[in-house]
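Data first, discussion second: the structure below is written as structure tokens.
Just so you know, ligand 1 is whichever comes first in the structure, and atom 1 is the first atom listed for that ligand.
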Amino acid sequence: MTRKERTEGMGFATQAIHAGIEADPITGAVGPSIVTSCMFTAEFGDIGFSAAGTNESKVPFAYAREGHPNSAQLERKLAYLDEAEDAVVFSSGIAAISGLLLQELSPGDHVLISDVSYAGTAEFARGFLRSKSIEVSLVDMSDLEDITANLRPNTKMIYAETPCNPVLKLVDIAAVAELAHAKGAKLVIDGTFATPAVQKPILLGADYAVYSLTKYYSGHGDALGGAIVGRREDIDRIRRDVGVHLGANLSPFNSWLIMRGIETLKLRMAAYSQSAQKIAEFLEQHPFVSSVRFPGLKSHPQYEVAQKQMSLPSGMISFKPLDNDALGHAISANMKVFTFAASLGLSRSLILHCDTKDLFETTFVLDQKHSDRYRAWAGDGFFRLSIGLEDVEDLIADLRAALDAAASACQSDKLQASQ
Ligand SMILES: *Cc1c(COP(=O)(O)O)cnc(C)c1O
């Protein structure tokens, strides 16, 4: 009996640790060994000159770009965690996302993409896809009417992130799946901010879930990786075309690091969520904070959607202070624990500023209606927090120190101006 059968039907934490991993039949090693060989040997006739020449029923691996033991273990684990049929991994989240879009869309097709999303996705869709004659509409995925109004006869895909980076708007996955399927389009959900420990897009009706494994899955900020999860037939096709021919596959070492991170994913998501809830509540009552967006707060405009499809709020918060520059300047002098940096989902807590003007010039190039919506939600800019695993009291003290310092700097500026 294989390990996969032994853990079938068991809980998330059990799968996170055991699924996809079997003791090494030669050495007896319990945990996965890292297999670095780029080629694998077999009998005459079972391996040919190209990937198509591999006899898959006999030879699991022929050449590492087509797959290797560590990526195969990780893929099985990921499929289990999302309760999906299969998964394929890539060298980064954006390699998975761009690969999926290129696989599914042809010139003349139309795709709906979130007006606000991970910067790389927004830039790839607006620039690269449009340059290849793929029609791209940027819509507000939190608004079912905006989606419906933008569907066309050639719409092949709806692509959405939830919770969405960086503003933490949510998308009702089941409702958007219904809209997509009624038009014969596929729904892709980028669930990086949640992971299946919190939200399961495939069970909610999405055709594909995509992830940056770099973030919560890996959990340590030391390995880039990405994944596409979905039906076996679709994933097979993607592995053969995008995986083999674009060649952005995940290295054995990164596969191993990410599997190691996944063993604690459930525990970590619970810890991130619990601390983030306390921090969001602290921010909400601080006088220098004008608004907080966090799916665990009742004040989140889509709190109901969060309750419906997320089992935990996850660890990402965005908030607006009364004065962004004042807080920005207060960070390095007053914060001892938070690091000012991009990325998210690791043990360390991070803070990042998202300036609206900069984003509008480089990333979210939107029409008037969607720019107005973005400003209504995000103002001129906000700070994004990725809550880590430090003691929550220290994180709150850090934020309080910077917010109080920013507030008193603004006070003394005002005093000076009035003198
Ligand atoms: C980081 C991120 C990506 C891209 O992943 P990389 O691993 O950095 O390529 C995609 N989507 C979301 C929501 C992200 O946060």
Side-chain angles (χ1 to χ4, degrees), residues 71 74 78 82 87-102 113-129 138 141-142 157-171 173 187-199 201 206 208-229 242-243 246-251 253-255 257-258 261-262 265 269 272 276 293 295 310 313-318 341-346 348 350-352 354 359 363-364 384-388:
S71 64
L74 174 58
L78 292 174
D82 246 311
V88 55
V89 294
F90 293 90
S91 57
S92 68
I94 210 69
I97 292 163
S98 59
L100 178 61
L101 293 167
L102 290 174
I113 297 210
S114 307
D115 52 353
V116 178
S117 60
Y118 176 66
T121 306
E123 290 161 13
F124 178 78
R126 188 169 44 74
F128 194 95
L129 288 185
L138 304 170
M141 295 286 172
S142 68
M157 181 193 283
I158 299 181
Y159 181 102
E161 259 172 44
T162 189
C164 111
N165 191 354
V167 298
L168 293 157
K169 267 192 187 179
L170 307 178
V171 178
I173 300 173
L187 175 64
V188 180
I189 294 292
D190 180 337
T192 299
F193 268 36
T195 80
V198 165
Q199 156 190 293
Y208 293 107
V210 293
Y211 297 102
S212 167
L213 304 177
T214 316
K215 317 291 172 55
Y216 284 116
Y217 276 103
S218 141
H220 293 77
D222 54 10
L224 289 174
I228 307 172
V229 179
V242 174
L246 298 189
N249 69 331
L250 191 62
S251 73
F253 184 50
N254 277 14
S255 305
L257 280 173
I258 292 164
I262 289 175
L265 182 63
M269 293 314 293
Y272 295 130
R293 302 292 191 206
M310 298 172 77
S314 190
M316 300 300 297
I317 301 171
S318 78
S343 199
L344 58 113
L346 59 158
R348 281 164 213 287
L350 305 178
I351 182 166
L352 186 69
C354 303
L359 281 174
T363 305
F364 306 138
R384 189 189 74 178
L385 302 177
S386 168
I387 302 306

Which residue and non-hydrogen atom of the protein lie closest to atom 4 (C) of ligand 1, and at what distance in Å? Tyr118 CE2, 3.3 Å

Any side-chain heavy-atom pair of Leu78 and Tyr217 under 4.5 Å: yes

To the nearest 0.5 Å, what is the distance between CD1 (Ile351) and OG (Ser386)? 11.0 Å

Check whether any N or O atom of Lys215, backbone or side chain, sits under 3.5 Å from an N or O atom of ligand 1, and answer yes or no. yes

Region of Thr214 that comes within reach of ligand 1 [heavy atoms, distance under 4.0 Å]: side chain

Any atoms of ligand 1 less than 4.0 Å from a non-hydrogen atom of Thr192? List them with their elements. 11 (N), 12 (C), 13 (C), 14 (C), 15 (O)

Judged by non-hydrogen atoms, does Ile97 sit under 4.0 Å from ligand 1? yes

Answer whether the closest heavy-atom distance between the side chains of Thr195 and Lys215 falls below 4.5 Å. no

Check the pair Tyr118, Thr192 against side-chain contact (heavy atoms from CB on, under 4.5 Å), reporting the backbone distance first and the verdict last. CA-CA 10 Å; Tyr118 176 66; Thr192 299; over 6 Å; no

Give a yes or no on whether Arg348 atom CZ has more than 12 heavy-atom contacts from other residues, nucleotides or ligands under 6.0 Å away. no

Within a distance under 4.0 Å of any heavy atom of Gly93, pick out the atoms of ligand 1 and give their elements. 5 (O), 6 (P), 7 (O), 9 (O)

Is there side-chain contact between Leu101 and Met157, with heavy atoms separated by less than 4.5 Å? yes

Out of Ile94, Asp190, Val210, Asn165, the nearest non-hydrogen contact to atom 11 (N) of ligand 1 is supplied by Asp190

For ligand 1, which atoms sit closer than 4.0 Å to a heavy atom of Gly225? 7 (O)

Please determine whether any non-hydrogen atom of Ser343 lies less than 4.0 Å from an atom of ligand 1. no

Candidate list Ile258, Ile262, Leu346, Leu265, test side-chain contact (heavy atoms from CB on, under 4.5 Å), partner Ser218, passing option: Ile258

